[in-house]
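Worksheet: the structure to be examined is printed underneath.
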Amino acid sequence: MKTYISLWPTHAPELPFPRSLAILGSTGSIGVSALSVVAQHPALFRVAALTGGKNAARLAEQAAAFLPGVLAVLDEAAAAKLKGLLPAGYAPEILVGPSAFEDVAAMAGVDLVLSAIVGAAGFLPTLAAAKAGKRIALANKESLVLGGRLIRNACRASGAVILPVDSEHNALFQALCGHNGDEDLARLILTASGGPFHGRDAAFLAAVTPAQALKHPNWSMGAKISIDSATLMNKGLEVIEACHLYGLPVSRVDVLVHPQSIVHSLVEYVDGSQLAHLGVPDMRIPIAHSLCFPRRVALAMPRLDLANAPNLTFEAPDEILFPCLGLAKAAFAASHSHPVALNAANEVAVDLFLKGRIRFLDIPRLIEAALARHAALPEHCGAAELINADADTRRETLAAAD
Ligand code: NAD
Ligand code: MG
């Protein structure tokens, strides 16, 4: 039997409960939601490891509640603070530094890794989990944007499998399950809320502040992805993510703006049938699905009530006003390393915008310039070359912004 789900082979092994879980980025928005799912179903999981960047206080609270044997943070200052905050009598191993996240991802005894670090920093840990043959619940879309080919190859070699946490890709996964034969699939349709500036004009966009851009109408998320939602770069990264997950060219992944965020994405088959996934916009649904698959678990939250829901509307995205979507599609079509430049320039530009150093409309300008400068790397280059290209683009984008 063929499957559309290139990273979920039909022969994937069963994973018994309780599952031994490592959460990379547990102190972030996805990490906190994941631990709330775990807290609702404690019999299904053993929390083996938690990691945070610099937020020692939140990591200490989480560690005290779930008592994992291993914790990891980004630097010595965070490690020292963390040690001081842990309850007496509890002495987990504390790992420090960027490579610690790769060690946690590949840890013996862990069978399920939730990859929820933000940005390119999630790439090497995700690759490490893939090489180590883990089941990966993947929130960190940037790792597929950077090195989707390497991660796919590592999964194939090790037997690792990826379950998408990103709500659209999780919706697609659910609508693809049980369907045979690549020839039946016509296209994937990713829905997009349109972000906080949906329907606004160029003059409005020119003057928006970080505070306005951070205010997403439907989802509560970390700062970086909230800005990506406002520029539509989030949808651009998600088109690339879908191409890697489901083995398709960009021409077969479309985007539909759906401001109510109730239909999370659709799969269209050759007979014209479109299968959609609907639900309230709450990341605990796709997180629970990916952590427990194939089992479904009850979640304490309001249910979707279509009789009392707003009218559902759909429209084509405005790619002129929001050029980031088109830039991402062009980058994926250009070469396998252009998405590295796209992502790195975007991370720098978002950071500069959040710090008030550039304007909202400078974000796509800086990314477009970075793509124009980027020379494609050889097709079979490794992770080190991709990381170098990422670093080069960051340096050049910072210089271009001055
Ligand atoms: P966030 O900013 O809230 O949290 C990020 C986490 O990563 C934190 O634990 C932080 O401490 C850690 N971190 C940051 N920099 C790090 C570094 N250099 N090294 C190690 N750890 C580091 O982000 P988020 O909104 O939870 O998003 C996480 C990932 O999930 C992103 O890739 C995002 O695109 C994806 N995602 C998020 C949502 C959402 O609703 N938040 C939805 C879909 C996908
Ligand atoms: Mg998404």
Side-chain angles (χ1 to χ4, degrees), residues 22-36 49-63 71-75 78-79 82 95-105 114-126 128 136-146 164-173 190-195 214 216 218-229 232-242 245 255 258 261 263-265 277 279 281-287 290 343 346-347 350-351 354 390 394:
I23 302 183
L24 308 178
S26 67
T27 57
S29 166
I30 291 287
V32 167
S33 294
L35 284 174
S36 111
L50 296 176
T51 86
K54 298 187 175 176
N55 191 344
R58 186 172 285 168
L59 187 59
E61 272 171 34
Q62 295 176 334
L71 299 173
V73 286
L74 201 48
D75 56 30
L82 178 64
L95 307 176
V96 183
S99 65
F101 308 112
E102 292 168 66
D103 296 341
V104 170
L114 172 59
S115 170
I117 289 173
V118 63
F123 167 53
L124 289 177
T126 305
I136 304 167
L138 183 69
N140 178 256
K141 64 194 85 184
E142 295 92 342
S143 53
L144 283 181
V145 172
L146 237 102
V165 170
D166 212 349
S167 56
E168 297 78 2
H169 306 74
N170 184 273
L172 294 171
F173 182 90
L190 296 174
T191 51
S193 68
L214 284 168
H216 196 279
N218 306 332
W219 298 94
S220 150
M221 309 183 287
K224 191 258 178 186
I225 184 175
S226 296
I227 303 301
D228 286 350
S229 297
L232 285 201
M233 178 54 90
N234 184 48
K235 215 46 54 180
L237 299 177
E238 290 184 357
V239 168
I240 298 175
E241 181 185 13
L245 284 170
V255 172
H258 166 50
S261 297
V263 175
H264 297 303
S265 278
H277 173 277
D282 189 315
M283 286 307 293
R284 286 173 295 178
I285 296 175
I287 289 169
S290 62
N343 183 66
N346 181 54
E347 287 190 25
V350 168
D351 189 50
L354 284 171
D390 173 277
R394 282 170 199 267

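As the structure lists them, so they are numbered: ligands from 1, and atoms in each ligand from 1. Please read all numbers here as calculations on a predicted model, not as lab measurements.
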Subject >> Derivation and outcome, side chain to side chain contact (heavy atoms under 4.5 Å, CB included), residues Val350 and Met233 >> reply: CA-CA 10 Å; Val350 168; Met233 178 54 90; over 6 Å; no

For ligand 1, which atoms sit closer than 4.0 Å to a heavy atom of [X]?
X	result
Phe101	19 (N), 20 (C)
Glu142	31 (C), 32 (O), 34 (O)
Gly222	3 (O), 25 (O), 41 (N)
Ala139	30 (O), 32 (O), 35 (C), 36 (N), 44 (C)

**OP:** Can you spot which of Pro286, Pro164, Ser265, Ser290 makes a side chain to side chain contact (heavy atoms under 4.5 Å, CB included) with His169?
**Re:** Pro164

**OP:** Check Ala105 against Pro125 and note the closest heavy-atom contact, atom names and distance.
**Re:** CB-O, 3.2 Å

Within the distance-only criterion (no hydrogens, no angle test), does the side chain of [X] pair as donor or acceptor with the backbone N or O of [Y] below 3.5 angstrom?
X	Y	result
Thr51	Val73	no
Lys235	Thr191	yes
His264	Gly279	yes
Ser33	Ser29	yes

Original post:
Considering only heavy atoms, does Asn140 approach ligand 1 within less than 4.0 Å through its side chain, its backbone, both, or neither?
Top reply: both

Original post:
Between Leu74 and ligand 1, which part of the residue brings a heavy atom under 4.0 Å of the ligand: side chain, backbone, both or neither?
Top reply: side chain

Original post:
Just wondering, do Gln62 and Ile23 contact through their side chains at under 4.5 Å, heavy atoms?
Top reply: no

Original post:
With side chains defined as the heavy atoms from C-beta onward, is the minimum distance between Ile30 and Val118 less than 4.5 Å?
Top reply: no

Nearest to [atom], what protein heavy atom do you find, and at what distance?
atom	value
atom 34 (O) of ligand 1	Lys141 CE, 3.2 Å
atom 33 (C) of ligand 1	Ile225 CD1, 4.0 Å
atom 43 (C) of ligand 1	Asp166 OD1, 3.1 Å
atom 29 (C) of ligand 1	Ile117 O, 3.5 Å
atom 4 (O) of ligand 1	Gly28 CA, 3.1 Å
atom 6 (C) of ligand 1	Ala116 O, 3.7 Å
atom 14 (C) of ligand 1	Val118 CG1, 3.8 Å
atom 11 (O) of ligand 1	Gly53 N, 2.7 Å

Subject >> Any N or O of Gly25 closer than 3.5 Å to N or O of ligand 1 >> reply: yes

Original post:
Does the N or O separation between Met283 and ligand 1 drop below 3.5 Å for any pair?
Top reply: no

Enter the distance from [X]:[atom1] to [Y]:[atom2] here, rounded to the nearest 0.5 Å.
X	Y	atom1	atom2	result
Leu237	Leu144	CG	CG	10.5 Å
Met283	Asn170	CE	CG	7.5 Å
Leu190	His258	CG	NE2	13.0 Å

Which residue from [options] reaches closest to [atom] through any of its heavy atoms?
atom	options	answer
atom 3 (O) of ligand 1	Ser29, Gly31, Ser26	Ser29
atom 40 (O) of ligand 1	Met221, Arg58, Lys54, Arg284	Met221
atom 8 (C) of ligand 1	Leu138, Leu59, Ile23, Thr27	Thr27

**OP:** Tell me, please: is Gly122 in heavy-atom contact with ligand 1, that is, under 4.0 Å?
**Re:** no

Subject >> Trp219 near ligand 1 by a heavy-atom separation under 4.0 Å >> reply: no

Original post:
Under 4.0 Å between a Lys/Arg side-chain N and an Asp/Glu carboxylate O for Glu168 and Lys141?
Top reply: no

**OP:** Examine the side chains of Asn218 and Ser261 and answer whether a donor and an acceptor come within less than 3.5 Å of each other.
**Re:** yes

**OP:** May I have the angle between Asp166 OD1 and Glu238 OE2 with its vertex at the Mg ion (ligand 2), rounded to 10°?
**Re:** 90°

**OP:** Starting from the Mg ion (ligand 2), look over the N/O/S atoms of Glu168 and name the nearest one.
**Re:** OE1

